[in-house]
Number of protein chains: 2
Amino acid sequence: MARGYHHGDLRAALVRASLELLAETGAFSVAQVARRLGVSTAAPYRHFPDREHLLSAVAATAAGEMAAEIAAAVATAGDDPVDRFAAAGAAYVRYAVRTGAGFTVIFSTELSGVRDETRTAATRALMEQWMDLITATGARPTADSLHLIEEQIALAQGYTMLYTQGFFHRSSMPLEEIAGRVAMGSRRLVAGS
Amino acid sequence: MARGYHHGDLRAALVRASLELLAETGAFSVAQVARRLGVSTAAPYRHFPDREHLLSAVAATAAGEMAAEIAAAVATAGDDPVDRFAAAGAAYVRYAVRTGAGFTVIFSTELSGVRDETRTAATRALMEQWMDLITATGARPTADSLHLIEEQIALAQGYTMLYTQGFFHRSSMPLEEIAGRVAMGSRRLVAGS
DNA sequence: GTCTATATATTGATAGAC
DNA sequence: GTCTATCAATATATAGAC
């Protein structure tokens, strides 16, 4: 990837490289993403009008991937609605830690001014899928389920942040242990509601 | 605060202004803090060797203030250990939202290279105070209490982030409602452990 | 102890060559 | 569709005047 690098699909490569950058540094800049691909800092602006629109495409991709990973985790979790709900929480933290693109990216305030139909469709699908897991546990459709999803997301995102911020000693605390904690906490939340 | 502004205690003022900046923007830069006080961008470097040491002083102050607010909230919560534990969670989210200086600032990875005795003492005192609340609930000293404090912090920090990121509609969701959710969630965590 | 001025780096973004 | 070159903004940090 030295010089004069030409891409078949730079647009998609920019999104992928953005996710890598987020995973490794937690930060995002158009210039760094371009450098990572060996293209000039001007190249991204042929595919996205500005930084926020690239970030929006990243959020859309992350929302889709996260939804897919949650669906896969839920599928192997059996039939018990609580098991499935807990598996979704664990899948969230795995994806968010691995990619650096949790809800802080997917629902970033920086994106509020960007109209992006692909992104809104992806985030809507993600939330609807999640909601279905909750109503399956027997929570009443509106009030209960909204509280429950908020609590689970808060717990999962909180663990994600504590983990990525180094609040836990990562050597003695593998990611799977965090995932297990979130699954366990999710069960308690359902039981208590 | 126009020009030629002279300070009695610029060092303390820099810390305060940093907390204001974090509260308002969620970001931090030495230059913005200096501008906010009407001093040159060079002035802070007479009081702190670099950006990270100022940030460390901010973290130390935040840890002390948060500990004081938690102590005050716990004192008015009565004698029941679970009530007191729940009050601590609510106090955390109030402080973190209001100041922008939750655990992401107090335990920021950017500070790992800064040796600052004042900060480490403040953070140690904060955590010990918090631990005392948990052991009072009857949790076993080591394993249980560590899990419980982590879960509560994750829940509280997760709600803080969802709130500040605008995931909730702030108009229909006042801070006190978030504080109440965290208190309720804390009770469930204790009950389930 | 604060100022002005400056060095250096990085960012987002644009103009114009190829 | 990508490049080189460039601009304006902002950042951290330092040197030297007052």
Side-chain angles (χ1 to χ4, degrees), chain A residues 1-22 24-59 100 104-105 108-116, chain B residues 1-22 24-59 100 104-105 108-116:
Chain A
M1 305 208 184
R3 250 335 157 85
Y5 185 55
H6 283 198
H7 253 286
D9 188 354
L10 181 57
R11 192 193 145 96
L14 287 164
V15 172
R16 286 253 60 87
S18 298
L19 284 166
E20 286 176 27
L21 185 63
L22 280 166
E24 291 172 24
T25 71
F28 168 78
S29 93
V30 181
Q32 279 188 64
V33 171
R35 247 175 263 131
R36 183 173 282 255
L37 290 172
V39 298
S40 77
T41 61
Y45 293 94
R46 289 284 129 185
H47 300 272
F48 299 97
D50 56 30
R51 168 204 153 94
E52 292 185 341
H53 280 79
L54 171 51
L55 206 54
S56 180
V58 171
T104 52
V105 169
S108 168
T109 49
E110 298 182 65
L111 300 177
S112 55
V114 181
R115 280 203 315 278
D116 177 348
Chain B
M1 305 208 184
R3 250 338 157 85
Y5 184 54
H6 283 197
H7 252 287
D9 188 354
L10 181 58
R11 192 195 146 95
L14 287 164
V15 172
R16 287 253 60 86
S18 298
L19 285 166
E20 285 176 28
L21 185 64
L22 280 166
E24 290 171 25
T25 70
F28 168 78
S29 92
V30 180
Q32 280 189 64
V33 171
R35 248 176 262 131
R36 183 172 281 255
L37 291 172
V39 299
S40 78
T41 61
Y45 292 93
R46 287 287 130 184
H47 299 273
F48 299 96
D50 56 31
R51 168 204 155 94
E52 292 185 341
H53 280 78
L54 170 51
L55 206 55
S56 180
V58 171
T104 52
V105 169
S108 168
T109 48
E110 298 183 66
L111 300 177
S112 55
V114 180
R115 279 201 317 278
D116 178 347

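Here is how names work: the chains are called A, B, and so on, in the same order as the sequence lines, proteins then strands, and each is numbered from 1.
Summary of the strand contacts: A:Leu10 and B:Ala31 both lie near DNA chain D, and taking for each the nucleotide with the nearest heavy atom, the more 5' one is attributed to A:Leu10. Both A:Pro49 and A:Ser29 lie near DNA chain C, and the one whose nearest nucleotide falls closer to the 5' end is A:Ser29.
Listed here is the closest heavy atom pair of B:Ala27 and B:Leu21: O-CG, 3.6 Å.
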How does DNA chain C read in dot-bracket, base by base from 5' to 3', with Watson-Crick or G-U pairs under 3.5 Å and | used when the partner is on another strand?
-> |||||||.||||||||||
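The distance from atom NE2 of A:His47 to atom C1' of D:dG1 is 6 Å, rounded to the nearest whole Å. When rounded to the nearest whole Å, the span between CZ of A:Arg35 and P of D:dT2 equals 18 Å. Between B:Leu54 atom CG and D:dA11 atom P the separation is 14 Å, expressed in whole Å. Across the protein-nucleic acid pair, B:Arg36 atom CZ and D:dA11 atom P stand 12 Å apart, rounded to whole Å. The distance between atom CG of A:Leu14 and atom P of D:dT2, rounded to the nearest whole Å, is 9 Å. Between the CG atom of A:Leu55 and the P atom of C:dA13 there is a distance of 11 Å, given to the nearest Å. Look at CG on A:Leu21: it is 14 Å from P on C:dT10, rounded to the nearest Å. Whole-Å rounding puts the A:Arg11 CZ to D:dT2 C1' distance at 17 Å.
The structure places CG of B:Asp9 at 8.5 Å from CZ of B:Arg11, a figure rounded to the nearest 0.5 Å.
Close to C:dT14, at under 4.0 Å from its OP1 or OP2, lies no side-chain N or O of A:Arg46. A close approach under 4.0 Å does not occur between any side-chain nitrogen or oxygen of B:Ser40 and OP1 or OP2 of C:dT4. Neither OP1 nor OP2 of D:dT10 sits under 4.0 Å from any side-chain N or O of B:Gln32.
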Do A:Arg16 and A:Arg36 pass the side chain to side chain contact (heavy atoms under 4.5 Å, CB included) test, and can you show the C-alpha distance, the side-chain angles, and the key distance before you say yes or no?
-> CA-CA 11 Å; A:Arg16 286 253 60 87; A:Arg36 183 173 282 255; over 6 Å; no
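Here the side chains of A:Leu19 and A:Val105 are not in contact, with every heavy-atom distance at 4.5 Å or above.
Applying side chain to side chain contact (heavy atoms under 4.5 Å, CB included) to B:Ser18 and the options B:Val30, B:Leu55, B:Leu54 leaves one that passes, B:Leu54.
Under a 3.5 Å cut-off, the side chain of B:Thr25 and the backbone N or O of B:Leu22 do not form any donor-acceptor pair.
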Can you give the donor-acceptor pairs under 3.5 Å from side chains of residues 37-48 of chain B to other protein atoms, not counting sequence neighbours?
unit_1, atom_1, unit_2, atom_2, d
B:Ser40, OG, B:Ala42, N, 3.2
B:Ser40, OG, B:Ala43, N, 3.3

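A:Ala42 comes within contact range of at least one nucleobase, with a heavy-atom separation under 4.0 Å.
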